[in-house]
Amino acid sequence: METVLLVGGGGREHAIARALSAADDCALYACASNRNPGIAESADGFASVGERDADGVVEYAASVDADLAVVGPEAALEAGVADELDDAGVYTFGPHAAEARIETDKAYQREFMADHDVPGTPEFETFDSADAAAEYVDSVDGDVAVKPAGLTGGKGVRVTGDQVTRAEAADYVRESDHDEWVIEERLVGEEFTVQAFVANGEMRTTPAVQDHKRAYEGDEGPNTGGMGSYTDTELTLPFMDEGDYDDAVAVLEAVVDALPDYKGVLYGQFMLTAEGPKVVEFNARFGDPEAMNTLPVLETQFLDVLTAARDGDPLPDLAFSGEATVCKYAVPAGYPTDPEAGARIEVDVDGGDGALLFYASVDERDDGLYTTTSRSFAVVGLGDSIAAAEERAEAALSGVGDGFRVRHDIGTERLVRSRVDHVAELRGE
Ligand code: AMP
Ligand code: GLY
């Protein structure tokens, strides 16, 4: 029997909890700042501990006698939760704060890529004053992405020629509270994610996922943590070919080669441009929502990945069910600019029939579930095509009441077709 501690309380962690509790020989405990009912239900125990409270997490791990830990959120990695758990003798599938900088410090991330000749690195400049960064944005030719170097929950980036003008981007930088900035070339194309399990210098990759960051249908509105995502029945997505997937894997391999102590999930966010995949960013953990696409189709026990990583054994080859998945988030009204927290969640989501329900940032109180200011819950449809999976996700969402917003266009044939046409146009086909 393995006793595993899961850190984090979002949809991603509910998906991890579901995957771990599928193993017969796993006793699962979880801790997070919010009580996620989906996680609490699959776990043998739950404690309310802040994700950045490394001492609190270590104390809870000791109290349940954990053998292994999995860290979901980047904030916990940045706070050194994996370092402290490892120091306390609990093998943690998640990188130490030094390796997690690949996500938590975008200036480091780009400089690391340049230093190690990681393929797919865009043109970039780093700045340690907002004024200098803003001046550069004003003076540079062409469109740019402006990025605060630190963590912003996916909401800090502005892209000129897409969301804002260059003058607006320069003002945004100048008026911000951030000092450290990355300004880089605007990449044009279609985004996709590849997540890899990494330990002991080895990695295993999972199917490509496409997330939808923009808040509103038709890719309008501000960026969010991700409104939903889909995978196809194979490793690639309909707008990619196998060579594109292999190029993305080569990028992840270059990172793993340069970070031999890295362990956990390495997440590559790519833009498939006319010149092939370029790196938008790396994350040091599963994506949220992407974990909800990936883990339900993983037939290999996730627990076996963790124990192999800990024991220094070769990581198991991964088997996938071959189903397509479509994940759609229900978010509180007003999200992300003016979200309404504290609204009572009264929804009748049908998690049966080829669909799964994952709770995210809901708060479970004595008298029911309440929204927080973050994404509330997600449904994932599974099927033998993206269209079939999308239909199932929508059927499961039919009982969602007022007070929530969903991007119903995610995974629809129309949207997927527009992605394929976009890449064909970029490639001059
Ligand atoms: P990040 O926080 O780096 O993932 O950025 C959030 C989102 O901003 C990405 O998912 C992209 O949609 C967009 N983005 C980031 N960097 C670039 C870039 N260099 N060119 C175009 N879009 C970008
Ligand atoms: N879905 C994007 C992220 O997890 O950062």
Side-chain angles (χ1 to χ4, degrees), residues 8 10-13 15-16 72-75 77-78 100 102-110 113 120-126 137 140 142-164 169 172 178 181-195 208-215 219-231 265-275 277-294 327-329 331 336 358 360-361 374-375 378 407 410 419 422 426:
R12 162 184 53 211
E13 289 79 20
I16 297 170
E74 59 275 24
L77 297 168
E78 184 182 47
I102 190 97
E103 165 168 11
T104 59
D105 179 347
K106 287 187 202 287
Y108 166 82
Q109 174 192 104
R110 288 312 192 201
M113 292 183 73
T121 309
E123 300 287 324
F124 71 93
E125 298 284 338
T126 59
V137 175
V140 76
D143 283 315
V144 289
V146 307
K147 307 180 161 191
L151 292 177
T152 60
K155 299 172 195 111
V157 174
R158 297 290 181 277
V159 181
T160 74
D162 181 19
Q163 302 158 308
V164 292
Y172 165 71
H178 304 278
W181 289 84
V182 178
I183 315 291
E184 61 189 35
E185 67 173 299
R186 176 190 176 193
L187 303 170
V188 176
E190 280 300 322
E191 285 185 71
F192 67 94
T193 302
V194 177
Q195 300 161 104
V209 193
Q210 187 173 47
D211 185 17
H212 298 70
K213 304 251 183 197
R214 303 292 283 270
D219 293 324
E220 301 286 337
N223 272 347
T224 67
M227 292 294 296
S229 45
Y230 64 95
T231 56
V265 176
L266 177 63
Y267 165 121
Q269 176 78 26
F270 300 92
M271 187 75 81
L272 182 52
T273 70
E275 292 90 49
K278 298 264 180 89
V279 177
V280 173
E281 67 161 346
F282 295 112
N283 290 330
R285 39 134 187 122
F286 274 117
D288 187 344
E290 291 93 331
M292 294 183 280
N293 302 92
T294 308
C327 173
K328 302 196 191 203
Y329 252 121
V331 300
F358 293 106
S361 249
S374 296
R375 298 169 291 184
R407 267 192 64 172
I410 293 169
R419 309 297 196 212
H422 185 202
L426 286 173

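Atoms considered below: every heavy atom in the structure, side chains included; atoms not considered: hydrogens, waters and symmetry mates. Read the numbers this way: they start at 1 and go in the same order the structure lists the ligands and their atoms.
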Less than 4.5 Å apart, any side-chain heavy atom of [X] and any of [Y]?
X      : Y      : value
Thr273 : Leu426 : no
Glu281 : Lys106 : yes
Arg110 : Val279 : yes
Met292 : Arg12  : no

Under a 4.0 angstrom heavy-atom cut-off, which atoms of ligand 2 come close to [X]?
X      : value
Asn283 : 3 (C), 5 (O)
Gly225 : 1 (N), 2 (C)
Gly287 : 4 (O)

Do Glu184 and Lys147 sit within salt-bridge range, that is, some charged N less than 4.0 Å from a carboxylate O? yes
Can you check which of Glu191, Glu290, Arg285 brings a heavy atom nearest to atom 5 (O) of ligand 2? Arg285
Please report which non-hydrogen protein atom sits nearest to [atom], along with the residue it belongs to and the distance in Å to one decimal place.
atom                    : result
atom 12 (O) of ligand 1 : Glu191 OE2, 2.5 Å
atom 7 (C) of ligand 1  : Asn223 ND2, 3.7 Å
atom 19 (N) of ligand 1 : Glu184 OE2, 2.8 Å
atom 4 (O) of ligand 1  : Glu281 OE2, 2.6 Å
atom 21 (C) of ligand 1 : Leu187 O, 3.3 Å
atom 17 (C) of ligand 1 : Ala145 CB, 3.6 Å
atom 22 (N) of ligand 1 : Val159 CG2, 3.6 Å

Geometry only, no angles: is [X] polar-contacting ligand 1 at N/O separations under 3.5 Å?
X      : result
Val157 : no
Arg186 : no
Gln269 : no

Is the backbone N or O of [Y] less than 3.5 Å from a side-chain atom of [X], with the two atoms forming a donor-acceptor pair by type?
X      : Y      : answer
Asp211 : Lys213 : no
Gln195 : Phe286 : no
His212 : Gly228 : yes
Glu103 : Ala284 : yes

Partner of Ser229 by side-chain hydrogen bond (donor to acceptor under 3.5 Å, both in side chains), out of Thr193, Asp288, Asn293: Asn293
Can you name the one residue among Arg419, Glu191, Glu290 that meets side-chain hydrogen bond (donor to acceptor under 3.5 Å, both in side chains) with Gln210? Arg419
In terms of heavy-atom contacts, Tyr172 and Pro148 come closest through OH-CG, 4.3 Å
Write down the atom of Pro336, the atom of Pro222, and the distance for their closest heavy-atom approach. CG-CG, 3.8 Å
Looking at ligand 1, would Lys106 count as a contact under a 4.0 Å heavy-atom criterion? yes
Enumerate the atoms of ligand 1 whose separation from the nearest heavy atom of Lys147 is less than 4.0 angstrom. 3 (O), 15 (C), 16 (N)
Polar contacts were defined as any N/O atom of the residue lying under 3.5 Å from an N/O atom of the ligand; does this apply to Asp211 and ligand 2? yes
If we only count N/O pairs under 3.5 Å, is Lys213 in contact with ligand 2? no
With heavy atoms under 4.0 Å as the rule, classify the contact between Glu185 and ligand 1 as side chain, backbone, both or neither. backbone
Measuring from the heavy atoms of Ser229, does anything fall under 4.0 Å of ligand 2? no
Is the contact between Thr193 and ligand 2 made by the side chain, the backbone, both, or neither, using heavy atoms and a 4.0 Å cut-off? neither
